[in-house]
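The block underneath contains the structure these notes are about, expressed in structure tokens.
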Amino acid sequence: MIEIYGKDNCPYCDMAKGLATRNNAEFVYKQLDVDYGFAELREKFPGARTFPQITVDGERIGGYSDLEEYFNGL
């Protein structure tokens, strides 16, 4: 399961959702200040400075370009 942690008005967040959709991947999109808060983000992704932050099966993989690499490696 892919989890995409994003924020409002984030083009890379939208691109990550589109990439997952095009690859017929099951994913959940969580939006900052709607589904989680900044404190939870810092706890789950310490040191993260960009959006989106993405996990696959609970393991942090990084951002949008890392998701591209993940799908290219399948």
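Side chains included, hydrogens not; waters and symmetry mates left out as well; all remaining heavy atoms used. Bear in mind the structure is a predicted one, so any value in this text is a computation, not a measurement.
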Side chains of [X] and [Y]: closer than 4.5 Å at any heavy-atom pair?
| X | Y | result |
| --- | --- | --- |
| Leu19 | Glu68 | yes |
| Ile4 | Lys30 | no |
| Leu67 | Ile2 | yes |

Exercise. Is the distance between the ring centroids of Tyr5 and Phe51 less than 6.0 Å?
Worked result: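 Centroid distance Tyr5-Phe51: not below 6.0 Å, so no.
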Connected via hydrophobic side-chain network under 4.5 Å: [X] and [Y]:
| X | Y | result |
| --- | --- | --- |
| Val34 | Ile54 | no |
| Phe71 | Phe27 | yes |
| Tyr36 | Phe38 | yes |
| Phe45 | Tyr64 | no |

For this session: Using a cut-off of 6.0 Å, state whether more than 12 heavy atoms not belonging to Tyr12 lie near its atom OH.
Result: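 No - once you tally the heavy atoms of other residues, nucleotides and ligands closer than 6.0 Å, there are 12 at most.
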Which atom pair, heavy atoms only, marks the closest approach of [X] to [Y]?
| X | Y | answer |
| --- | --- | --- |
| Asp35 | Glu40 | O-OE1, 4.3 Å |
| Gly6 | Cys13 | CA-SG, 3.5 Å |
| Leu32 | Lys7 | CB-CB, 4.1 Å |
| Thr55 | Arg60 | CG2-CA, 4.0 Å |

For this session: Kindly confirm or rule out a cation-pi arrangement of Lys17 over Tyr29, judged by NZ or CZ under 6.0 Å from the six-membered ring centre and within 45° of its axis?
Result: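 Output yes; distance and angle both within limits.
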Problem set entry | Separation of Glu3 CD from Glu59 CD (nearest 0.5 Å) |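 If we round to the nearest 0.5 Å, Glu59:CD and Glu3:CD are 12.5 Å apart.
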For this session: Look only at the side chain of Asn23 and the backbone of Ala20, and say whether a donor-acceptor pair between them is shorter than 3.5 Å.
Result: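 No: the side chain of Asn23 does not pair with the backbone of Ala20.
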